[in-house]
Structure formats: C-alpha cells, structure tokens
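Below is one structure, written out as structure tokens; the observations come after it.
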Amino acid sequence: EPEVTQTPSHQVTQMGQEVILRCVPISNHLYFYWYRQILGQKVEFLVSFYNNEISEKSEIFDDQFSVERPDGSNFTLKIRSTKLEDSAMYFCASSEVASPYEQYFGPGTRLTVT
Amino acid sequence: GQQLNQSPQSMFIQEGEDVSMNCTSSSIFNTWLWYKQDPGEGPVLLIALYKAGELTSNGRLTAQFGITRKDSFLNISASIPSDVGIYFCAGARFHSGAGSYQLTFGKGTKLSVIP
C-alpha cells in the first residue's frame, strides 16, 4: 500500500541553524501539507501546497519557514534560524484530487532544537 | 482560530467494552475525519464523513457527522488491546479559491485498554 515517507526520522540541531525536512508524498497525490505537533499537544496546520505554490498557510508559518517541491517526488520544509520553540514532530501529508479531504500522514520527523 | 473540543481527554476501559468519544465545534465543517495515532508515529486515517447525519462504519468503528455539522462522534465496539492510542477528530473546510483543505484537529482522546 502506498504511503508517505519522511526523512530524517529525528533531527537534532542547534538554535540558529537551518534544517530541511524531506517528504515523499504518495505518488498520485497532488495536494501536500505540513503539520506540526508539539509534544503532548494537538496536530497544527502549517501550510498547504498545490500546483507548485502555497495555497494556504497558518500564522505559525512565518518568514522563517519555506516549502519547495524541487522535483516530481520530493516535498521539503525548510526552517531557517531555528528556535527552541520549533522543537516538535513535523508531519507531511498528502491527498488526491478525488478525495482531497482524506489526508494521509507520514511517520513524522522529530526536530529537537538545542 | 477554530477550536475543536474533544472529550473525554482520556479513558481507561476493559477489553471487550464499547467506547464512545465525541468532538464539538462552534463552527460548521464540510467534512469530519477521525484519526488514530500510536506513540511516535503519524496519524492514521480511520473514517471520513461528508454529509450531515451520515453514519459510517469501518470494522468495529462507527462514526457520525452531526446534523448541525458542528459535531461528530466515534464509537469503538468490543475493544481490543491494539485499540490503545490517541484518537483525534479533525474538521475540514474547503477554502474557496485557495485550493486548500486544511484540517483543524481536536486535542485527542487517549484510550487505554485493560486486558
């Protein structure tokens, strides 16, 4: 069964450094999303991406964040100048045109900023 | 922002018992979804609901989309140990012109099953 994959599974970085989180969405899906989950809390929407551009972003997704689809399979989230409060699980999700609400999540990347 | 109130926050049940949890919102949603999350993993989609009043089953799971479109519940019948996890409701509303189907999540119900 096709699934969303994410790398790395765990990333440790120092405050102020840049990180890139990578995702490979399900191959026939055209809607892509990033969500984050601070430990013990709910999942929060960051950004949605469709047709090679951001379609919506939350107030969390400020200038520190960017997304890119560098090729036909990868979808990345870049966090510039990381802060301690960026420590969280970051989930990539994707959905298909026929059922866009049904988003399938990857296993997540645990980001730890020290 | 939109808030989903999910209850109960946690529950302990005996294996074989039925479970019920619900989610309410002050806003209307077009779609309600239920996800399950195991520790250290991503949410797994269980059920999606598209119409007010709709009742949908997936094995031992049954979920309903409330008539007012502001609530949903999830029932699990005859619970088993592998049902342990955190169950999240999520509401979705299509943002016209944006091509976005952003999900708003509840805070989750942590289910523990005692064998």
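Being a predicted model, the structure only gives us computed values, none of them experimental. Chain letters run A, B, ... following the sequence lines, proteins first and then strands; every chain starts at 1.
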Item to check | Gap between atom CG of Leu33(B) and atom CD of Gln103(A) - 0.5 Å precision | outcome: 8.0 Å
Next on the checklist: Assigning hydrophobic clusters by single linkage (Ile, Leu, Val, Met, Phe, Trp, Tyr; side-chain heavy-atom cutoff under 4.5 Å), is Leu84(A) placed with Ile79(A)?
Outcome noted: yes
Next on the checklist: Count I, L, V, M, F, W, Y as connected when their side-chain heavy atoms are under 4.5 Å apart, and connections chain through other members. Are Ile13(B) and Phe73(B) then in the same cluster?
Outcome noted: no
Item to check | Interchain contact, Ala48(B) with chain A, by part (heavy-atom threshold 4.5 Å) | outcome: side chain
Item to check | Asp71(A) CG: over 12 foreign heavy atoms closer than 6.0 Å | outcome: yes
Checklist entry - Nearest 0.5 Å, what's the CD-CZ distance between Gln41(A) and Phe105(B)? => result 14.5 Å
Next on the checklist: Would you say that more than 12 heavy atoms from the other residues, nucleotides or ligands in this model lie under 6.0 Å from the CD of Glu85(A), or not?
Outcome noted: yes
Checklist entry - Does the ring center of Tyr101(B) lie less than 6.0 Å from the ring center of Tyr33(A)? => result no
Checklist entry - Are side-chain heavy atoms of Pro43(B) and Tyr104(A) found at a separation under 4.5 Å? => result no
Checklist outcome for this item: Among residues 59-68 of chain B, residues within the sub-4.5 Å heavy-atom range of chain A, in order of number, are none
Checklist entry - Is Leu45(B) reachable from Ile86(B) through a run of I, L, V, M, F, W or Y residues, each pair having side-chain heavy atoms under 4.5 Å apart? => result yes
Item to check | CD/Gln14(A): more than 12 non-hydrogen atoms of other groups inside 6.0 Å | outcome: no
Checklist entry - Taking atom CZ of Arg110(A) as the centre, does the number of heavy atoms from other residues, nucleotides or ligands within less than 6.0 Å exceed 12? => result no
Checklist entry - Just checking, any donor-acceptor pair under 3.5 angstrom between side chains of Gln102(B) and Tyr35(A)? => result no
Checklist outcome for this item: Smallest heavy-atom separation, Tyr101(A) atom then Tyr35(B) atom, equals O-OH, 4.5 Å
Checklist outcome for this item: Taken to the nearest 0.5 Å, the spacing of Glu102(A) CD from Ile47(B) CD1 works out to 11.0 Å
Checklist entry - How long is the gap from CZ on Phe105(A) to CD on Glu41(B), to the nearest 0.5 Å? => result 14.0 Å
Next on the checklist: Ignoring hydrogens, what is the shortest heavy-atom contact between Phe45(A) and Leu103(B)? Give both atom names and the distance.
Outcome noted: CB-O, 3.9 Å
Next on the checklist: So for atom NZ, which belongs to Lys57(A), do other residues, nucleotides or ligands contribute more than 12 heavy atoms lying within a distance under 6.0 Å?
Outcome noted: no
Checklist entry - So if you build clusters from Ile, Leu, Val, Met, Phe, Trp, Tyr with side-chain heavy-atom gaps below 4.5 Å, do Val24(A) and Trp34(A) land together? => result no
Checklist entry - Would Leu55(B) and Tyr50(B) show up in the same hydrophobic cluster when neighbours are defined by side-chain heavy atoms closer than 4.5 Å? => result no
Checklist outcome for this item: Turns out that what part of Gln6(B) lies under 4.5 Å from chain A's heavy atoms comes down to neither
Checklist entry - Can you tell me if CG on Leu39(A) sees more than 12 non-hydrogen neighbours from other groups inside 6.0 Å? => result no
Next on the checklist: In the structure I gave you, are the side-chain heavy atoms of Lys42(A) and Gln3(B) within less than 4.5 Å of one another anywhere?
Outcome noted: yes
Item to check | Under 4.5 Å from any heavy atom of chain B - which part of Gln6(A) | outcome: neither
